[in-house]
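One structure is given here, and the rest of the page talks about it.
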2 protein chains.
Amino acid sequence: MSRASDRAYEAIRSMILSGELPAGAQLAEEALAERCGVSRTPVREALRRLESDLLVTRTDTQRSFVADWSIDDVADAFELRALLEGKAARRAAERMTDAALARIRDANRRLGDAIRRPVPDVTVFLDANRDFHAAILDVAGSRRLAALLATLIEQPVVWRTAHHYGREALNRSYGEHEELIAAFARRDGPWAEAIMTGHILRAYHAYADAHRGLAERDQREAAE
Amino acid sequence: MSRASDRAYEAIRSMILSGELPAGAQLAEEALAERCGVSRTPVREALRRLESDLLVTRTDTQRSFVADWSIDDVADAFELRALLEGKAARRAAERMTDAALARIRDANRRLGDAIRRPVPDVTVFLDANRDFHAAILDVAGSRRLAALLATLIEQPVVWRTAHHYGREALNRSYGEHEELIAAFARRDGPWAEAIMTGHILRAYHAYADAHRGLAERDQREAAE
DNA sequence: ACAAAGAGTATTGTATACAAATACCGCAGG
DNA sequence: CCTGCGGTATTTGTATACAATACTCTTTGT
């Protein structure tokens with residue numbers, strides 16, 4: 001990660017995910033280059049990568065802007081993610097090894113530890129959650145499937161609302177992961193697929209609820 | 001398409017699809033720049049795009065090579081394409097408009113004309129086929145789904161074997177398209193999905209058969 | 001007042017030079 | 001014959017200059 005273009009990619013990406021660069025903001029190469037402490041060349045490369053991640057859009061005249069993820073876009077992304085992660089879970093169950101299963105169990109153990117603390121540690125939760133899903137994707141053994149899902153997993157809005165999930169939603173995630181592990185242990189592809197699909201779609205509704213809640217709060221605050 | 005990086009992209013891509021640059025060949029930026037008549041900067045950009053298309057792979061030390069699509073890779077791509085195009089067909093059926101249906105019908109009419117000639121015109125066939133699927137993707141109305149499928153449709157090996165499909169395979173494609181049109185006309189999502197999934201998977205086996213045939217011929221020729 | 005035109009500014013595209021990293025090749029030693 | 005080690009040649013990464021393009025705001029004509 002020491003190459004300048006990687007630094008630029010990470011820097012710009014985190015500025016977008018954190019909301020420091022709000023949706024619709026123009027991304028001028030020169031300005032970004034200065035903020036990242038590199039020249040325009042690596043910034044250009046980073047912008048192209050972010051564009052293929054759909055975090056950045058370009059006008060027909062090649063100007064770049066922070067992509068605007070409407071609630072419909074998010075729903076769309078979740079729908080596709082449910083489809084593809086379901087497929088990944090099925091393939092993973094059919095190809096599961098004991099070593100991979102251990103890795104998946106370990107990720108969910110860490111996830112469980114994070115949410116059982118007096119105050120749930122959302123950062124650790126997100127981290128363990130990512131590992132859990134990454135391990136499954138590895139076992140699924142399809143470079144292409146992994147590449148497709150990569151563009152769907154990191155969503156700016158989702159990232160920012162994750163911290164507002166209730167404890168119940170976190171617990172349910174843990175439980176569904178445990179059920180997935182059971183399906184993997186039995187090498188039951190269809191079962192794993194069904195649970196994973198439901199898991200993603202439930203996560204979508206958890207997000208939509210949290211998002212609605214935040215929007216209402218914003219409105220109340222704006223009214224004062 | 002007049003920008004140098006677009007020219008480079010098209011040029012390199014067609015060199016790969018045509019087999020002029022065989023699988024495994026190294027893609028040195030300097031050499032490509034000379035062949036395309038542009039400088040290294042647009043070539044670099046083109047290579048990154050081709051990499052995200054999975055037509056080019058990079059080693060851990062950043063050298064680029066023409067991707068080597070094994071038969072398993074192709075099977076993998078078709079499997080995902082069947083899943084995603086099935087989804088697209090379902091969405092398209094649910095959102096179908098009369099104008100879009102007319103466009104889809106027109107594409108298949110052109111496709112039918114191409115294969116009914118004394119000698120089937122494979123170029124026109126492929127063109128009309130692309131339009132047919134593109135029209136469906138448009139109606140499906142998901143930018144993300146379109147972006148995901150874009151990386152799966154153009155496959156070097158498939159392109160090269162398309163000319164060896166038998167007339168029967170071409171006719172069957174036409175027939176399946178007609179059945180899809182019937183499903184669209186009735187706005188029947190599940191029906192459209194089922195036909196599309198089957199259509200893609202059958203196309204895969206048509207490819208696999210043609211490919212096997214070519215491989216055997218190559219072996220015979222090598223033995224002489 | 002409004003639209004079109006145009007100058008000036010901002011932004012992106014391309015070429016090129018140089019720096020850094022990596023691969024290749026030959027040679028010495030086991 | 002294989003293995004490890006330098007040194008050289010290739011190849012990629014980055015910065016920068018300049019060209020081309022798009023945007024903005026003012027001016028001018030109707």
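A note on names: the letters A, B, ... follow the listed sequences, proteins ahead of strands, and every chain is numbered from 1. Worth saying up front: this structure is predicted, and the values here are computed from it rather than measured.
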| message | Tell me whether the side-chain N/O atoms of A/R58 come closer than 4.0 Å to OP1 or OP2 in C/dG13. | response |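 Checking A/R58 against C/dG13: at least one side-chain N or O falls below 4.0 Å of OP1 or OP2.
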| query | Any side-chain N or O of A/Q62 less than 4.0 Å from the OP1 or OP2 oxygen of D/dT21? | reply |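 Checking A/Q62 against D/dT21: no side-chain N or O falls below 4.0 Å of OP1 or OP2.
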| task | Ignoring the backbone of B/T41, work out which of D/dG13, C/dT14, D/dT12 is nearest its side chain. | result |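 Nearest to the side-chain atoms of B/T41, counting from C-beta on, is C/dT14.
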| task | For A/F132, enumerate each residue passing the ring pair (Phe, Tyr, Trp, His ring centres under 6.0 Å) test, keeping only those at least two apart in sequence or located in another chain. | result |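 A/F132 satisfies ring pair (Phe, Tyr, Trp, His ring centres under 6.0 Å) with A/H177 only.
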To the nearest angstrom, how far is [X] atom [atom1] from [N] atom [atom2]?
X: B/E45; N: C/dT14; atom1: CD; atom2: C1'; value: 10 Å
X: A/L27; N: C/dT11; atom1: CG; atom2: C1'; value: 13 Å
X: A/R44; N: D/dA15; atom1: CZ; atom2: P; value: 14 Å
X: A/R3; N: C/dA19; atom1: CZ; atom2: C1'; value: 15 Å
X: B/Q26; N: D/dT11; atom1: CD; atom2: C1'; value: 8 Å

| field | For DNA chain D, the residues among residues 28-40 of chain B that have a non-hydrogen atom under 4.0 Å from it | value |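 Under 4.0 Å from DNA chain D: B/A28, B/E29, B/R40.
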Under the salt bridge (charged side-chain N to carboxylate O under 4.0 Å, His left out) test, residues paired with [X] that sit two or more places apart:
X: B/R49; value: B/D6
X: A/R110; value: A/D106, A/D131
X: B/R105; value: none

| request: Output every pair passing ring-ring contact (aromatic ring centres under 6.0 Å, His included) with a member in residues 40-62 of chain B, not counting sequence neighbours, ordered by first then second residue. | output: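 Every pair satisfying ring-ring contact (aromatic ring centres under 6.0 Å, His included) with a residue in residues 40-62 of chain B: there are none.
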| ring-ring contact (aromatic ring centres under 6.0 Å, His included): which pairs involve residues 69-92 of chain A, sequence neighbours left out? |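 Checked against ring-ring contact (aromatic ring centres under 6.0 Å, His included) - neighbours excluded - the pairs reaching residues 69-92 of chain A are A/F78-A/Y204.
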| task | Could you tell me which non-hydrogen atom of B/S64 sits nearest to which non-hydrogen atom of B/V56, and how far apart they are? | result |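 That would be CB-CG1, 3.9 Å.
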Heteroatom pairs (N/O) under 3.5 angstrom, protein to nucleotides 20-23 of chain C:
unit_1: C/dA23; atom_1: OP1; unit_2: B/T61; atom_2: OG1; d: 2.5

| field | Test: A/R13 and A/E10 ion pair at under 4.0 Å | value |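 A salt bridge is present here (some side-chain N lies under 4.0 Å from a carboxylate O).
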If you look only at distance, which donor and acceptor atoms sit under 3.5 Å apart when one is on a side chain in residues 84-92 of chain A and the other is two or more places apart or in another chain?
unit_1: A/E85; atom_1: OE1; unit_2: A/H133; atom_2: ND1; d: 3.0
unit_1: A/E85; atom_1: OE2; unit_2: A/R81; atom_2: NE; d: 2.8
unit_1: A/E85; atom_1: OE2; unit_2: A/R81; atom_2: NH2; d: 3.0
unit_1: A/K87; atom_1: NZ; unit_2: B/E79; atom_2: OE2; d: 2.9
unit_1: A/R90; atom_1: NH1; unit_2: A/E193; atom_2: OE1; d: 2.2
unit_1: A/R91; atom_1: NE; unit_2: A/A140; atom_2: O; d: 3.1
unit_1: A/R91; atom_1: NH1; unit_2: B/D76; atom_2: OD1; d: 3.1
unit_1: A/R91; atom_1: NH1; unit_2: B/E79; atom_2: OE1; d: 3.3
unit_1: A/R91; atom_1: NH2; unit_2: A/A140; atom_2: O; d: 3.3

